[in-house]
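Written below as C-alpha cells is the structure these notes are about.
All values derive from a computational prediction rather than experimental measurement. When reading the values below, keep in mind they use all heavy atoms of this one structure, side chains included, and skip hydrogens, waters and symmetry mates. We name chains A, B, ... by the order of the sequence lines, and we start the count at 1 in each one.
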2 protein chains.
Amino acid sequence: MGIIRKTESVELLLKEFHDTETALSTIELIKRLGKRINKTTIYRVLSKLEEDGVLHSFLGFDGVKWFARCKSHTQVQISDIHPHFQCISCGKTECLDIKVDIPKLVNREVLLSQFIIKGKCNLCVA
Amino acid sequence: MGIIRKTESVELLLKEFHDTETALSTIELIKRLGKRINKTTIYRVLSKLEEDGVLHSFLGFDGVKWFARCKSHTQVQISDIHPHFQCISCGKTECLDIKVDIPKLVNREVLLSQFIIKGKCNLCVA
DNA sequence: CTTATATTTGCAACTTAGTTGTAATAACTA
DNA sequence: TAGTTATTACAACTAAGTTGCAAATATAAG
Ligand SMILES: [Zn+2]
Ligand SMILES: [Zn+2]
Ligand SMILES: [Zn+2]
Ligand SMILES: [Zn+2]
C-alpha cells in the first residue's frame with residue numbers, strides 16, 4: 001500500500017469501504033467517522049488512498065466528491081474509466097461495470113473523462 | 001422566452017452567451033458582470049434561463065457550474081444530452097456536438113446523465 | 001398617462017464543502 | 001531505544017452558492 005502508514009484513521013476509513021459495495025461521499029464519511037477522526041484528516045487520508053490507487057473518486061450531480069474502491073488496485077488509467085450511477089430515491093451511488101466508448105476527438109487530446117448517470121436503482125424502480 | 005421579464009440583468013447575461021460559442025462558468029460571469037449585477041441576481045437569472053430552455057448547465061471537473069446556450073431552445077430532453085469538453089491548459093469549456101450512447105441498464109431507470117471530458121483543446125495541443 | 005400587481009433586484013447574512021498552517025503526536029527505521 | 005518523518009487535531013479560513021426581505025422595476029389594467 002505505498003508510502004501510507006497504518007494508522008487508526010486509515011484503518012477506519014478502509015473498513016468503511018470494505019464493508020460496502022457502493023461508493024461513499026465525503027459527507028457520509030464525515031457523518032459516520034467525524035467523531036473519531038477529524039474531517040481534515042478524513043479528506044487527507046482519502047486523497048492519499050486515491051494517490052495510492054486504493055480508491056478512485058468522482059463528482060456526483062450535486063458537486064460532492066464520492067470515493068469507491070478500485071477493483072484493479074493500480075493507478076487509475078484512462079482505460080479503467082467506468083460510469084457511475086446515482087439513485088435519486090435512495091441516494092445509493094455506485095460504479096457501473098460497463099465499458100463506455102470515449103469518443104475520438106479530432107485535434108484534441110483526451111486525458112480524462114467522467115460519465116455519471118442519474119436515475120432509479122434496482123431497489124427503487126417502482 | 002416564457003415568463004421571464006426583459007430586464008437589464010437578463011439582457012446583459014444573454015449578451016455574454018451570444019458573444020461566445022463556448023460555455024461560461026458562474027464564476028466567470030460574476031467576474032465579468034459582478035459590478036453591474038449582484039451575484040445573487042446572476043445565479044437567479046441563470047436558473048430562470050435554464051428553466052426556460054434558453055441555457056443548459058453542467059458541472060465541470062472542479063465542481064463549478066457551467067452554462068451554455070441550448071441549440072434547440074427547448075427544455076433539455078434526455079435525448080439532447082451531449083458531452084462537454086474542458087481544456088486543462090486554457091480553461092475553455094464547450095459543448096461537443098456528438099451523440100453518446102447512454103448504456104441500457106437492466107432493472108434501473110435512467111433519468112439524466114452527464115459526460116465530461118478533460119484534455120487539451122484544438123488550440124492547446126502541442 | 002396613471003395606478004395596481006407581480007416579478008425582479010440588491011444587500012447582508014448565512015450555509016456548506018473543502019483547504020491551510022501549525023504544533024503535537026504517532027508510526028516506522030536503524 | 002532514539003531519531004526521523006509522516007500523520008493528526010484544531011481552529012481559522014476560502015469560496016461557491018443560498019435565503020429572507022425590503023426596495024425597485026416591468027408589465028398589465030383602467
Ligand atoms: Zn435507490
Ligand atoms: Zn467507480
Ligand atoms: Zn485550450
Ligand atoms: Zn452543452
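When rounded to the nearest whole Å, the span between CG of L29(A) and P of dG18(C) equals 11 Å. As a whole-Å value, the separation of D52(A) CG from dT7(D) C1' is 14 Å. Between R44(A) atom CZ and dT22(C) atom P the separation is 12 Å, expressed in whole Å. For L13(A) and dT7(D), the CG to P distance is 13 Å, given to the nearest whole Å. Separating the CD1 atom of I37(A) from the P atom of dA9(D) is a distance of 7 Å, rounded to the nearest angstrom. Residue D62(B) contributes atom CG, which lies 12 Å from atom P of dG18(C) at whole-angstrom precision. One atom, NZ of K31(A), and another, C1' of dT16(C), lie 13 Å apart when rounded to the nearest Å. dT16(C) atom P lies 16 Å from atom CD of E28(A), rounded to whole Å.
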Pair V64(A)-T26(A), side chain to side chain contact (heavy atoms under 4.5 Å, CB included): steps then yes or no: CA-CA 8 Å; V64(A) 169; T26(A) 49; 4.0 Å; yes
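Distances shown here put a side-chain N or O of S9(B) below 4.0 Å from the OP1 or OP2 atom of dT9(C).
L33(B) CG to N38(B) CG: the interatomic distance, rounded to the nearest 0.5 Å, is 12.0 Å. Atom CZ of R69(A) and atom CD of E21(A) lie 5.0 Å apart (nearest 0.5 Å). K39(A) NZ to L29(A) CG: the interatomic distance, rounded to the nearest 0.5 Å, is 14.0 Å. The OG atom of S113(A) sits 10.5 Å away from the CG atom of D101(A) when rounded to the nearest 0.5 Å. Note that the CH2 atom of W66(B) and the OG1 atom of T22(B) stand 7.5 Å from one another [nearest 0.5 Å].
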Protein proximity profile, nucleotides 11-18 of chain D - base contact B, sugar-phosphate-only contact S, no contact -, cut-off 4.0 Å on heavy atoms: B----SBB
Base-contact (B) and sugar-phosphate-only (S) positions in nucleotides 22-30 of chain D, heavy-atom cut-off under 4.0 Å, - elsewhere: ----BS---
Side-chain donor-acceptor pairs of residues 84-91 of chain B under 3.5 Å, sequence neighbours excluded:
from: H84(B); atom 1: NE2; to: H56(B); atom 2: NE2; distance (Å): 3.3
from: H84(B); atom 1: NE2; to: H82(B); atom 2: NE2; distance (Å): 3.1
from: Q86(B); atom 1: OE1; to: F61(B); atom 2: N; distance (Å): 3.0

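Residue pairs satisfying the salt bridge (Lys or Arg N to Asp or Glu O under 4.0 Å) criterion with at least one member in residues 7-16 of chain A, sequence neighbours excluded, are listed as follows: E8(A)-R36(A), K15(A)-D19(A), E16(A)-R32(A).
From one end of the helix from dC1(C)-dG30(D) to dA30(C)-dT1(D) to the other, with five pairs defining each end axis, the axis direction shifts by 30° (rounded to 10°).
For the pair R108(B) and E94(A), the salt-bridge criterion is met [side-chain N within less than 4.0 Å of a carboxylate O].
Every ring pair (Phe, Tyr, Trp, His ring centres under 6.0 Å) that F115(B) has, sequence neighbours left out, goes to F115(A).
A side-chain donor from one of N122(B) and K92(B) sits under 3.5 Å from a side-chain acceptor of the other.
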